[in-house]
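Chain letters run A, B, ... following the sequence lines, proteins first and then strands; every chain starts at 1.
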There are 2 protein chains.
Amino acid sequence: MATRSSGLSGLEGGRQVGRLAPVRRASTVDLIAERLREAVVDGSLPPGTVLGEAELAYQLGVSRGPLREAMQRLTAEGLLVIPRRRGLAVRTMTADDVRDVHWLRAQIEPELGRRILTLPAPERRTVLAELGAEVKRMQRALKKDDARALGDAYLDFHRVLAVWGGSMRLARMLGTLLIETRLCTFSMFEHFEVHRDLVPEHVAFVEALAADDGERFAALVRVHLEAEVRRLLAEPEGPGKGEADRLLAETPDEPQPLDRLDLPEGL
Amino acid sequence: MATRSSGLSGLEGGRQVGRLAPVRRASTVDLIAERLREAVVDGSLPPGTVLGEAELAYQLGVSRGPLREAMQRLTAEGLLVIPRRRGLAVRTMTADDVRDVHWLRAQIEPELGRRILTLPAPERRTVLAELGAEVKRMQRALKKDDARALGDAYLDFHRVLAVWGGSMRLARMLGTLLIETRLCTFSMFEHFEVHRDLVPEHVAFVEALAADDGERFAALVRVHLEAEVRRLLAEPEGPGKGEADRLLAETPDEPQPLDRLDLPEGL
DNA sequence: TATTGTAAGTTTGTCGACAATCTGATTATC
DNA sequence: GATAATCAGATTGTCGACAAACTTACAATA
C-alpha cells in the first residue's frame, strides 16, 4: 500500500524531506483513559463516585477488558482507587492531600519558571503569549462570573508552564498534579466558586516572567499556592496573606502592563 | 463469618481497641506489577526487551487479562512501552532521559533532605540509622567488588530518603525515578560496574545530615547527580568535578565520623 | 433488643476464543 | 536487479462467559 514511514523514496521536492513526525494512533485504552480524565476534571465524576464496571463499560461503548486496563492506568496516576470487588471510585482528596499536592506544586512550578526564562528569546515570547492568552481567558470568565471557565483557564495556564518547562517527566507529573488540584476543589467544596484574586495573581505571574524576574515569579507562585491551601481548607488567613499583598502591591522591577505583551487575539 | 472491620464489638480488653490497621491484600495485578518491576530492576528484563504477552503470561502463571492490566500500570510509570501489536518492551533510556531523570532527582532529593532535618529528633535518628545501614551495605559490597549489591544498596539508600521525606506523592515519584535510574545504567552500559566514588559520597551525605547541614547535603547530592550523568554519558569530567573534590575535601561544620552514629548492626 | 448465622443476589476476577491486523518472506514484474 | 504486490503465519485487541467472592437483607437465637 503506502510507502513505509522510514523510506519516503522518490518524494524529494518538498521541504523537510525524511523528517516526518511518526503518526501516533491512540489505542482504545488511551481513549478510555483520556475520557475518564476528562470526566474527572469536568466534574461529571465527582470524588467518591463508585461505578460498576459493566455499567461504565456500556456507557463508553467498550467491553470490560479495555476499561479495566484504563482503570489501572488512572490508578497509577492516583486519580482512581480500586476497592476490592467494588468496581472503581474517584479518589477523594483529604486535607493532607490538599497540602501535599500544593506543596509539591510549590516545589515544581518555580523551577519551571526558571527554566522557561532560560529559553531562547523567540520561544520565550511564545510562552508569554500563550500564558497571556490564558490570563485573558480567565479575565473573560471572571467578567461572566463563569467559575467553571475560570477554573479551566487556570488549569490550562499551568499546563502551559508544564509543557514548556522542558522536562518530559515533570510535565507529566505536573499534568497529573493539576488534575489532582481539581479533585481537591471538588473534594472540599460542593460546587465551583468564582475566586476573584486568581486573575490579578496570574497577571503578576506573567509580568514577573516578562520582566525576566524568576525569583519574583517563584515567590508569587509559592504565595499563591499557600493561599490556595488556606482557601481550600477554609483556614483563616495566616501570616502569608500579608506577604501576598506586599508582593502584589510592590512594583515589579520593570513595570509592563499586560497590553504591551501584544497577545494573539485569535487564541 | 468474621465480624466486619468497622465493629470489633465485644473485644475490649487488649490495648488499642478499635484502631487496627486495615488489612491490605494485594490484588493479582499488584503482584504482577511488582514482579515486573523487580525483573526490570534486577536486570532479568534489560531495556529493549520485547516480550509476547502469551509467553510472559505463561511464565507468570496467569492469563493475559491481568497481565495486560499490570502492563498498563507499568506504562503509566514510564518503565514499559507498548508498541502496537508488538507485546511490550522495556523502556530504553536515551541520553536525554539520563539527563532528565538526574535533573529531576537533583530537584527532589535536596528538598527531601531539608524535610528530614525538620523531623522530630527520634525519627531523625531513625532515618540516620537507616541511611547509615545502607552505607554499610555499600561498603561491604565494595569490599567484595559486588557491583550488583552496591547498586542495590544505593537504590535502597535513596529509597529511605523518599520514604522519610514526608510526601506520599514525592515518595512514589522518587521510587519510580530510582527504577528509571537503574534503567539508565542498563541502557548505557552492558553490565554493572563497581563505582568506587559512590561510598565516600554517601558517607558525606550522612555526615551532612548528621551535622544538620541541609545546604551541604543539597550541594553534595547535586554534585553527585551531575557526576552520575557525566559517568553514564561517558563525558569527560566537566567543570563540576573540581567542585565535587572541593566539597568532599572540605571539613564539614561539625566533623562526625560514621562510627559515632552507632548504627544498628542487625540491619 | 441486639447480635450472630444464613442465604440469595450481584459484581468482580479470570479465562478461553475469535477476528482483525501486522510482520516477514516469497514471488512476480518492470 | 530492484521494486512492488501477494500470501501465509503469528500475535494482539476485544469480547463473552463462568465461577468465586463479597454485600446485603433476613431470620434465628440468646
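With rounding to the nearest 0.5 angstrom, the CZ atom of B:R91 is 12.5 Å from the CD1 atom of B:I82.
Using a 4.5 Å cut-off on side-chain heavy atoms (C-beta onward), A:L170 and A:L174 make no contact.
Checking side-chain atoms of A:R148 against main-chain N and O of A:D42 turns up a donor-acceptor pair under 3.5 Å.
What separates CD of B:E53 from P of D:dT11 is a distance of 11 Å, to the nearest Å. Separating the CD atom of A:Q72 from the C1' atom of C:dT12 is a distance of 13 Å, rounded to the nearest angstrom. Summarising the geometry, the separation between CD1 on B:I82 and C1' on D:dT11 is reported as 14 Å, rounded to the nearest angstrom. A:L31 places its CG atom 14 Å from the P atom of D:dG13, with the value rounded to the nearest Å. Rounded to whole angstrom, the span from the CG atom of B:L67 across to the P atom of C:dT14 amounts to 12 Å. Regarding A:L56, its CG atom lies at a distance of 10 Å from the P atom of C:dT12, rounded to whole Å. The separation between B:R86 atom CZ and C:dG24 atom C1' is 10 Å, rounded to whole Å. Taking atom CD1 of residue B:I32 and atom P of nucleotide C:dG13, one finds them 13 Å apart after rounding to whole Å.
If you check every strand for non-hydrogen atoms under 4.0 Å, A:V62 touches sugar and phosphate atoms only. Nucleic acid contact for B:G52: sugar-phosphate only, since backbone atoms but no base atoms lie under 4.0 Å from a heavy atom of the residue.
Of the two residues contacting DNA chain D, namely A:E69 and A:R64, the nearest-nucleotide position lying further toward the 5' end is that of A:E69. Comparing A:R84 and A:P66 against DNA chain D, the residue whose closest nucleotide sits nearer the 5' end is A:P66.
Here the side chain of B:R85 is nearest to one of C:dT14, D:dC15, C:dT21, namely C:dT21.
Figure legend: cation-pi geometry between B:R115 and A:W103, with NZ or CZ positioned under 6.0 Å from the six-membered ring centre and within 45° of its axis.
Between A:R68 and the phosphate of C:dG13, there is a side-chain N or O to OP1/OP2 separation shorter than 4.0 Å.
The two residues B:A76 and A:A76 come nearest to each other via the heavy atoms CB-CB, 3.7 Å.
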